[in-house]
Amino acid sequence: MERSRGWWPRDPLLAARSAAVLMLVAAGVLMLFVVIGPPAGALVDVPASLSSIVLLLAGAAACWWTSPQRLGATGAWLVVPLGAVLVILMLNLVTADTSAAAQVFLCFPILWAASQLRGAAASLVCLVAVLGNAVVVLGLDPPATAVPDIVFVGVVLVAMTGLLTRAADRQEALVTALQQQAARDPLTGLVTRRVLDDAATRALTAVSDKAGTALVLVDVDGFKAVNDEHGHPVGDDALVHLSALLSAQVRATDAVIGRLGGDELAVLMPGCSAEVARVRAEGFVTAVRAHPLHLADGRLLSLSVSIGVAHARPLTADLQALYVAADAALYAAKRGGRDQVAVAAP
């Protein structure tokens, strides 16, 4: 739920690790600044600089070793960049340093926020940095000197935020599209074997599920003959047709329907007793028998399926055993004459 909020990063673990790295880099640069000395005209405030270094090192350790979930619960995803901006501005104010070397430190929190956070949160960090920098620089320099610096730094920070967030948005959209493609069979639109297995594993390990879990394997009778006689496009149409029929027989909240490969489909029914699973499987067989496939030339192609049903009580079977039992039942249905349901022994 928290990840849906606008301030939650795209990748919490990457955000935490990258924040730690940037803090270490900033601490190293600041230490170099202390050792070499500030630019001409800037005040030396070694205690403030050393305190900032200690704070950066502590923050880096916290981001590296604390779990992303705990960081998110403390609001760190906004506290870290905004806190960094405020520390940099306070340090510039205390040292009376408005040089480019001092203002460039604002790029660190902006870089992190723009690359890790989404648009609204990154824009907030950028806005605080630009306005805060304007206040500090105007308070230390005359307007004639301050305004050009403020505009230059502001343009750089805004451009950095815009470009990085846009690039991150496009990359996130691409990753999401690839994940969706990997989760769905491109022909039938059903979930893939990996998604089905994940759902089955969760169902088999659910302590609160007293009814158990049923797995229904569906195989098209004579599918090779359909391809040989009518062509592979018709075979593909048959799979799409059967997938739609199966989907219409169950509610999305009650079952997960997937394609295992070839002409074999599977229906996972968590919280389903063995008897209910058998009844639903017989309903699948009846529905397929009653709804032939309409061919392009107007003919009707009758189809039938053989189904194997296996059921596992809560916490009593693993996924492989459930598949083996359902597969054995499926072949029993085929040996028994096809167009029927066979149920594996408990």
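Ion pair K224/D263 not flagged as a salt bridge, since none of the NZ, NE, NH1 or NH2 atoms sits closer than 4.0 Å to an Asp/Glu carboxylate oxygen.
Considering only heavy atoms from C-beta on, V153 comes within 4.5 Å of L157 through its side chain. Between D236 and V234, every side-chain heavy-atom pair lies at or beyond the 4.5 Å cut-off. Using a 4.5 Å heavy-atom threshold, the side chains of V79 and T74 count as separate. Looking at heavy atoms from C-beta onward, W112 lies out of side-chain contact with V125 at the 4.5 angstrom threshold. Here the side chains of I53 and M23 are not in contact, with every heavy-atom distance at 4.5 Å or above. When side chains are defined from C-beta on, L300 counts as touching H294, because their heavy atoms get closer than 4.5 Å. No side-chain heavy atom of L265 sits less than 4.5 Å from a side-chain heavy atom of L260. Counting heavy atoms from C-beta outward, P68 and W77 have side chains that approach closer than 4.5 Å.
Cluster membership for V276 and V256, using ILVMFWY side-chain heavy atoms within less than 4.5 angstrom, is not shared. L50 is connected to L89 through a chain of hydrophobic side-chain contacts under 4.5 Å among Ile, Leu, Val, Met, Phe, Trp and Tyr, so both are in one cluster. No continuous path of hydrophobic side-chain contacts links V136 to V151 [ILVMFWY only; heavy atoms under 4.5 Å]. A continuous path of Ile, Leu, Val, Met, Phe, Trp and Tyr side chains, each step under 4.5 Å between heavy atoms, connects F284 with F223, placing both in one hydrophobic cluster. Clustering ILVMFWY residues whenever any of their side-chain heavy atoms sit less than 4.5 angstrom apart, transitively, puts L164 in the very cluster that holds L124.
Judged as a salt bridge (charged side-chain N to carboxylate O under 4.0 Å, His left out), and not counting sequence neighbours, the contacts of R10 are D169, E172.
When every heavy atom of N227 is checked against every heavy atom of G235, the shortest pair comes out as OD1-CA, 3.3 Å. Shown here for A333 and I307, the closest heavy-atom pair between the two residues is CB-O, 3.6 Å. Scanning both residues, L196 and A266, for their nearest heavy atoms gives CD2-CB, 3.6 Å. In terms of heavy-atom proximity, L239 sits nearest to G262 at CD1-O, 3.6 Å. When every heavy atom of V309 is checked against every heavy atom of A277, the shortest pair comes out as CG1-CB, 3.9 Å. Looking at every heavy atom in both residues, A122 comes nearest to L117 through N-CB, 4.2 Å.
Here the straight-line distance linking atom OG1 of T286 with atom CD of Q249 works out to 8.5 Å at 0.5 Å rounding. Annotation: the span from L91 atom CG to I88 atom CD1 amounts to 8.5 Å, rounded to 0.5 Å. Of the inter-residue distances, the one linking S99 atom OG with N92 atom CG reads 7.5 Å to the nearest 0.5 angstrom. For the atom pair NE2 (H241) and NE2 (H291), the distance works out to 7.5 Å, reported to the nearest 0.5 Å. Taking OG1 from T165 and CZ from R170, the interatomic distance works out to 12.5 Å, rounded to the nearest 0.5 Å. Taken to the nearest 0.5 Å, the CG atom of L13 stands 10.0 Å off from the CG atom of L71.
A distance-only check finds no donor-acceptor pair linking the side chain of T66 to the backbone of C63 [under 3.5 Å]. Using a distance-only test at 3.5 Å, with no hydrogens or angles considered, a donor-acceptor pair links the side chain of S18 to the main chain of L14.
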Please set out all donor-acceptor pairs under 3.5 angstrom arising from side-chain atoms of residues 321-332, sequence neighbours excluded.
unit_1, atom_1, unit_2, atom_2, d
Y323, OH, R193, NE, 3.2
Y323, OH, D197, OD1, 2.7

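In this structure, R118 is not positioned above the aromatic face of W8 in the sense of NZ or CZ being under 6.0 Å from the six-membered ring centre and within 45° of the axis.
For the salt bridge (charged side-chain N to carboxylate O under 4.0 Å, His left out) test with D219, the passing option among K334, R259, R338 is K334; the others fail.
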Please assess L56 against L24 for the test side chain to side chain contact (heavy atoms under 4.5 Å, CB included), listing each intermediate value before the final yes or no. CA-CA 7 Å; L56 285 168; L24 290 176; over 6 Å; no
Between V343 and H311, is a side chain to side chain contact (heavy atoms under 4.5 Å, CB included) present by the stated rule, with each step listed? CA-CA 9 Å; V343 182; H311 182 268; over 6 Å; no
Determine whether M269 and D254 satisfy the following criterion, side chain to side chain contact (heavy atoms under 4.5 Å, CB included), listing intermediate values before the conclusion. CA-CA 6 Å; M269 293 184 284; D254 293 340; over 6 Å; no
Could you walk me through whether V220 and L242 pass the side chain to side chain contact (heavy atoms under 4.5 Å, CB included) check? CA-CA 9 Å; V220 183; L242 292 174; 3.2 Å; yes
Test D185 against T188 for side chain to side chain donor-acceptor pair (under 3.5 Å), laying out the working first. CA-CA 6 Å; D185 174 58; T188 63; 2.7 Å; yes
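For S304 and D221, the side-chain atoms include at least one donor-acceptor pair closer than 3.5 Å. Side chains of Q103 and N133: a donor on one and an acceptor on the other come within 3.5 Å.
Residue R70 qualifies as open at atom CZ: its count of foreign heavy atoms under 6.0 Å is 12 or below.
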